[in-house]
Engineer: 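The structure is given below, and queries will be raised subsequently.
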Amino acid sequence: MGVLTKKVKGAEDILPRDVYKWQFVEDIMKKEAESFGFKEIRTPVFEHTVLFNRSVGETTDVVQKEMYTFDTKGGESITLRPEGTAGAARAYLEHALYNDGLPVKVYYLLTCYRYEKAQAGRQREFHQFGMETYGAPDPKSDAEMICAVANIFNRLGINNINLEINSIGCKNCRKDYTSALKGYFEKHRDVLCPTCLSRLERNPMRILDCKNEACHEVAKKAPTVLEYICSDCSEKFEKVKTFLDIADIDYTVNPTIVRGLDYYTNTVFEFVTDCIGAQSTVCGGGRYDGLIEELGGQPTPSLGFAMGIERLLMVMEAQGIEIPKPSGCDLYIAALGEDAEKKSFRLIKELREASLTAEGDIVGRGLRAQMKYADKIGAKFSMVIGDDDITANKASVKNMETGDKFDVPLDDRFFESFIEKYMANYGRSMKMPTQ
Ligand code: HAM
């Protein structure tokens with residue numbers, strides 16, 4: 001297959017036959033976020049490179065190895081977003097959203113780009129759903145954020161997904177931890193990859209999430225951050241746990257979670273599962289109290305999370321969770337003859353105005369082929385109109401599932417008659433066409 005008909009490695013098409021699954025989960029996510037008072041934000045797919053360098057962090061794998069960065073014709077360095085937090089924070093500052101009253105709460109559904117080794121659950125273009133809150137210092141908000149994720153999983157029917165939490169403390173407690181890490185990794189210099197050797201000087205914490213096998217092995221036995229956090233941070237962490245308990249949310253404290261991005265402070269969390277292979281983290285997030293200030297704003301305690309939609313769908317599939325298929329075509333009208341074609345064209349238009357899904361032939365097929373097509377698209381009802389039916393002012397409708405047939409008049413009474421039968425089978429509220 002030539003490149004003209006082959007997608008780029010690490011990217012996936014979402015086909016019409018599967019898109020209902022995406023629409024279903026996205027709808028649940030949006031509704032959940034909105035029930036917490038979050039509003040959607042849509043930011044550009046690319047940003048100035050420096051935004052990610054500054055927020056995600058110069059020494060992270062994402063910035064050092066994975067960004068799609070290019071110079072524009074005008075000589076600007078632009079990067080396709082590797083995640084959603086930085087762009088949302090930039091927009092928060094650029095549009096002074098803080099003037100709308102704190103806390104500001106936003107959610108997003110977006111594509112992200114990371115040049116990673118593509119494998120199951122790890123793509124170069126992938127989709128995230130995320131929520132961010134700006135201006136919420138209380139640890140209660142950490143628990144609230146986690147509640148939103150747990151609710152989404154519950155509504156989707158997902159089980160066996162474990163919440164792991166940790167605190168990586170504030171900037172101050174990080175100093176002691178960083179020097180402890182430095183001391184530990186110094187002793188293992190010989191096995192560290194070249195990137196981690198430079199991290200040893202600049203940001204030893206980033207060695208903990210290096211994907212290189214040898215670094216990963218050494219990192220497993222490194223000192224953990226919880227031993228180094230100050231009493232204030234420790235107290236905050238206890239409060240987060242108290243509110244999780246109040247909300248009946250199970251968790252385990254995993255002192256090895258530090259997250260792969262530099263902006264985090266205090267609470268960090270991940271939802272992990274063992275049912276989708278190596279890429280087991282479905283959702284990750286935490287607090288980032290210093291980010292807004294780092295980008296030039298006022299000190300603004302903030303927090304958020306993002307979940308990978310591909311991984312989420314993989315979990316649902318692995319757990320056998322059925323996503324309801326959408327209803328498809330309500331009525332397919334097959335027409336035979338010139339007058340019948342005109343009549344069906346008009347009826348189809350009116351059915352659509354009544355919010356029904358109606359289709360007719362636009363290919364020029366014969367009757368049998370039209371009926372075959374109606375079957376293929378899963379039409380609920382089909383109706384055949386010939387020129388004779390127009391003279392007789394009635395046509396026969398078939399329930400494609402049961403095979404039952406009934407006649408409908410083709411004049412003004414068509415809707416009433418069809419909809420009565422339709423409702424008896426598939427009752428749903430609909431608007432009647434305006435007369
Ligand atoms: P992250 O852990 O880098 O965090 O990504 C969040 C989620 O995106 C992961 O748990 C995973 O499900 C999904 N994901 C990441 N990389 C890939 C990939 N290559 N292929 C498929 N899925 C992937 C963030 O991005 C933070 N911005 C989350 C956050 C929001 N923290 C605070 N606010």
Side-chain angles (χ1 to χ4, degrees), residues 9-12 14 25 29 33 38 41 43 47 51-52 55-57 60-63 65-68 80-90 92 104-134 136 141-142 145-146 148-149 152-153 158 161-166 168 206 209 211 257-273 275-292 300-316:
K9 192 173 170 186
E12 289 296 335
I14 301 166
V25 299
M29 289 164 175
F38 284 68
I41 187 165
T43 58
E47 299 278 354
L51 174 69
F52 301 115
S55 54
V56 171
T60 58
D61 260 8
V62 170
V63 167
K65 301 178 183 169
E66 298 169 0
M67 294 208 306
Y68 282 87
L80 301 186
R81 62 182 169 218
E83 54 101 61
T85 307
R90 194 261 316 135
Y92 167 83
V104 168
K105 305 196 265 188
V106 299
Y107 74 89
Y108 50 78
L109 271 159
L110 40 74
T111 50
C112 299
Y113 303 85
R114 296 186 192 176
Y115 195 78
E116 293 193 79
K117 200 161 172 234
Q119 60 185 83
R122 191 196 279 166
Q123 293 174 204
R124 292 178 174 172
E125 181 189 70
F126 61 98
H127 296 74
Q128 279 189 347
F129 167 77
M131 290 167 62
E132 313 282 356
T133 299
Y134 309 100
S141 51
D142 305 43
M145 199 54 108
I146 291 171
V149 184
I152 290 169
F153 291 148
I158 293 175
I161 192 150
N162 300 319
L163 167 63
E164 299 188 349
I165 59 171
N166 192 21
I168 58 168
R206 289 284 69 94
D209 41 68
K211 292 187 187 94
I257 295 181
V258 290
R259 311 274 304 128
L261 314 167
D262 264 355
Y263 45 64
Y264 291 108
T265 52
N266 293 94
T267 317
V268 285
F269 62 88
E270 289 182 350
F271 281 83
V272 290
T273 172
C275 68
I276 54 167
Q279 303 309 312
S280 56
T281 310
V282 181
C283 173
R287 186 165 271 288
Y288 49 91
D289 288 350
L291 177 63
I292 296 296
T300 312
S302 303
L303 70 160
F305 72 82
M307 56 175 84
I309 305 183
E310 284 82 2
R311 289 187 196 174
L312 186 86
L313 287 169
M314 284 169 72
V315 172
M316 291 178 74

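Order of appearance sets the numbers: ligands from 1, and atoms from 1 within every ligand. These values consider heavy atoms only, across backbone and side chains, with no hydrogens, waters or symmetry-generated copies. Computed from a predicted model, the values in this text were never measured in an experiment.
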Engineer: Going by an N to O cut-off under 4.0 Å, is there a salt bridge joining Arg259 and Glu270?
Structural biologist: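 Glu270 and Arg259: salt-bridged.
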Engineer: Sequence neighbours left out, what passes salt bridge (charged side-chain N to carboxylate O under 4.0 Å, His left out) with Arg81? Give chain and number order.
Structural biologist: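 With neighbours one apart ignored, the set is empty.
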Engineer: Go through the side-chain N and O atoms of Thr85 and Tyr263 and say whether any donor and acceptor fall under 3.5 Å apart.
Structural biologist: yes
Engineer: Take atom OH of Tyr68 as the centre, draw a 6.0 Å sphere, and report whether it contains more than 12 heavy atoms from other residues, nucleotides or ligands.
Structural biologist: yes
Engineer: Sort out the contact shell of ligand 1: every protein residue with a heavy-atom distance below 4.0 Å, listed by chain and number.
Structural biologist: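 Around ligand 1, where the cutoff is 4.0 Å for heavy atoms, the contacting residues are Glu83, Thr85, Tyr108, Arg114, Glu116, Gly121, Arg122, Gln123, Phe126, Gln128, Glu132, Arg259, Leu261, Tyr263, Tyr264, Thr281, Val282, Cys283, Gly284, Gly285, Tyr288, Gly304, Phe305, Ala306, Gly308, Arg311.
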Engineer: For the pair Arg206 and Asp262, find out whether any cationic side-chain nitrogen is under 4.0 Å from an anionic carboxylate oxygen.
Structural biologist: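 Yes, this pair counts.
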Engineer: Less than 4.0 angstrom from a charged side-chain N to a carboxylate O is my criterion; do Glu116 and Lys211 meet it?
Structural biologist: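 Lys211 and Glu116: salt-bridged.
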